[in-house]
There are 2 protein chains.
Amino acid sequence: MTGIDPKNRMGTDDRAADLRAEAFQGVRAARSRELAEDYVELIAELIHDHGEARPVDIAARLGVRVPTVTKTLDRLAREGLITRARYRSVFLTDEGRALARECRRRHEIVLRFLLSLGLDPETAERDAEGIEHHVSARTLALFAAFASKS
Amino acid sequence: MTGIDPKNRMGTDDRAADLRAEAFQGVRAARSRELAEDYVELIAELIHDHGEARPVDIAARLGVRVPTVTKTLDRLAREGLITRARYRSVFLTDEGRALARECRRRHEIVLRFLLSLGLDPETAERDAEGIEHHVSARTLALFAAFASKS
DNA sequence: GAGAATTGTTAGCACCATCTAACATATTGC
DNA sequence: GCAATATGTTAGATGGTGCTAACAATTCTC
């Protein structure tokens, strides 16, 4: 990830293009975080509800195959979000737990916001899942305020 | 892309897990469409504003390198969204143009909605970029209604 | 506790998106 | 119109996410 040199002289609409490029880079960064966030959020939920998070359950809830989960868990472990032992279930590190909390909070705010807008629960859940990773702190604050006002 | 067999018997919370899995599969599908949508939207804009869409400008605005653009354009051409000749700039097919229109419409609705919520323009633009690909038709309708009401 | 069923891992494939380096083509400016 | 500059392509690497098939470990059941 080397990034783009911002010191290139272009046409008259440099500023707009730069802003745009920044926005896209933000989106790309969000995209690479998304999956990790989905995982830790789900793992926290499984541990809370079932006492443990097993790859097979993670796979079922994400709609992917178990080997895919294994591989992604390897990455999360590498990144310090979870710990695990071979053939055992998964635990969150402090960092993972913090991320999960943060994600859950965002998810709930977005969900409540969509519901307060009058969306049906099923669509709201679906859209919240997609939207939650792309909402800035500022927007989130507005969503929260709006939802509690209505 | 083989998908998951839905005929597996699980615990008591099958229903919830299945819904969740569906939601995630939707998000994944959206993710794989995202980049194509960003490209056609941008290409349409460049053609409109500058008369043509050159890889170098696309790259500048997306914040990626030119070879990355070349490769992605190959995919878009394969998918029938654009046409191009070697060392020449890019054109949208009818299908590409339709998609671009659709994307632009969604983008604008999301953007206006965020602005009407009181978000500053810069953050609104940034967040719209991320959110627009994850908004269902229903949610979009609500956004549009809300924005025009305020 | 042994055999069956379930769960988890490994290996190997495919595809996508990103990069740099090297090369090919167009465009521009004199 | 030629040389310099700008733009575009190809090749090859990296790393992510998905799959299936084959194998390993654990858990369940009798």
Side-chain angles (χ1 to χ4, degrees), chain A residues 1-5 8-11 21 24-39 43 46 50-79 81-91 133, chain B residues 1-5 8-11 21 24-39 42-43 46 50-79 81-91:
Chain A
M1 217 166 288
T2 318
I4 288 293
D5 184 351
N8 50 3
R9 351 154 191 55
M10 286 182 292
F24 274 113
Q25 286 176 329
V27 171
R28 264 202 307 286
R31 240 174 254 168
S32 81
R33 253 177 292 119
E34 268 180 80
L35 200 66
E37 295 184 348
D38 289 340
Y39 270 75
I43 289 166
L46 284 171
H50 296 53
E52 63 174 355
R54 302 182 314 161
V56 71
D57 296 322
I58 297 171
R61 276 168 184 77
L62 293 180
V64 299
R65 299 296 186 177
V66 174
T68 302
V69 171
T70 298
K71 218 181 262 186
T72 303
L73 291 178
D74 285 345
R75 168 164 80 94
L76 300 188
R78 226 185 305 134
E79 291 172 0
L81 294 171
I82 63 168
T83 56
R84 57 201 301 253
R86 286 166 59 89
Y87 296 97
R88 292 275 99 109
S89 56
V90 180
F91 302 93
H133 305 284
Chain B
M1 219 166 285
T2 319
I4 287 292
D5 183 351
N8 51 3
R9 357 161 184 48
M10 286 183 292
F24 274 113
Q25 285 176 330
V27 171
R28 265 203 308 284
R31 245 174 250 169
S32 80
R33 255 178 289 122
E34 268 179 80
L35 199 66
E37 295 184 349
D38 289 340
Y39 269 77
L42 175 54
I43 290 166
L46 285 170
H50 295 59
E52 63 173 354
R54 302 182 311 159
V56 69
D57 295 322
I58 297 171
R61 276 168 184 76
L62 293 180
V64 299
R65 298 297 186 175
V66 175
T68 302
V69 171
T70 298
K71 218 179 262 185
T72 303
L73 292 179
D74 285 343
R75 168 162 80 92
L76 299 187
R78 226 185 306 134
E79 292 171 359
L81 294 170
I82 65 167
T83 57
R84 57 205 299 255
R86 286 166 58 89
Y87 297 98
R88 292 277 99 111
S89 57
V90 180
F91 302 92

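Below, chain A is the first sequence line, B the second, and so on; all start at residue 1.
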>> Over all strands shown, is R31(A) touching base, sugar-phosphate only, or nothing at heavy-atom distances under 4.0 angstrom?
In response: nothing
>> Assess the residue pair D57(B) and R54(B) against the criterion (salt bridge (charged side-chain N to carboxylate O under 4.0 Å, His left out)); give the C-alpha distance rounded to whole Å, side-chain angles, the decisive distance to 0.1 Å, and a yes or no.
In response: CA-CA 5 Å; D57(B) 295 322; R54(B) 302 182 311 159; 3.1 Å; yes
> Which one, dT17(D), dT20(D), dT18(C), comes nearest to the side chain of R65(A)?
Replying inline: dT20(D)
> Taking the side chain of R88(B) as heavy atoms from C-beta outward, which of dA21(C), dT10(C), dT27(C) is closest to it?
Replying inline: dT27(C)
> Between atom CG in L76(B) and atom C1' in dC15(C), what is the gap in whole Å?
Replying inline: 15 Å
> So which one's nearest nucleotide on DNA chain D is more toward 5', T68(A) or Y87(A)?
Replying inline: T68(A)
>> Without decimals, in angstroms, what is the distance between R54(A) CZ and dA25(D) P?
In response: 19 Å
>> Nearest to the side chain of L35(A), heavy atoms from C-beta on, is which of dG18(D), dT20(D), dT10(D)?
In response: dG18(D)
> Can you check the E37(B) CD to dC16(C) P distance for me, whole Å?
Replying inline: 16 Å
> What integer distance in Å separates D57(A):CG from dT7(C):C1'?
Replying inline: 10 Å
> Does any donor-acceptor pair link the side chain of K71(B) with the base of dT18(C) at a separation under 3.5 Å?
Replying inline: yes
> Does the distance from a Lys or Arg side-chain N to an Asp or Glu carboxylate O, for R31(B) and D38(A), drop under 4.0 Å?
Replying inline: yes
> Which sits closer to the 5' end of DNA chain C, T70(A) or T72(B), going by the nucleotide each is nearest to?
Replying inline: T70(A)
>> Rounding to an integer number of Å, can you tell me how far D74(B) CG sits from dA11(D) C1'?
In response: 13 Å
>> Taking any heavy-atom pair under 4.0 Å as a contact, classify V66(A): base, sugar-phosphate, or nothing.
In response: base
> Any idea which heavy atoms bring A60(A) and A21(B) closest together, and the distance?
Replying inline: O-CB, 3.3 Å
> Starting at CZ of R84(A) and ending at C1' of dA25(D), how long is that distance when rounded to a whole Å?
Replying inline: 14 Å
>> Looking only at the side chain of R28(B) (C-beta and beyond, no hydrogens), which of the listed nucleotides dT7(D), dG18(D), dT27(D) gets closest?
In response: dG18(D)
>> Looking at every heavy atom in both A36(A) and L76(A), which two are closest together, and how far apart are they?
In response: CB-CD2, 3.7 Å
> Nearest of dG18(D), dG8(D), dT9(C) to any side-chain atom of V56(B)?
Replying inline: dG8(D)
>> Taking the minimum atom-to-atom distance to the side chain of P55(B), which one of dT18(C), dG8(D), dT27(C) wins?
In response: dG8(D)
> Nearest-Å distance, CZ (R33(A)) to C1' (dG16(D))?
Replying inline: 16 Å
>> How close do I58(A) and Y39(A) get, counting heavy atoms only, and between which atoms?
In response: CG2-CE2, 3.8 Å
> Does R86(A) have a side-chain nitrogen or oxygen under 4.0 Å from the phosphate oxygens OP1 or OP2 of dA24(D)?
Replying inline: no
>> Measure CG/D38(A) against P/dG18(D) and give the value in whole Å, please.
In response: 10 Å
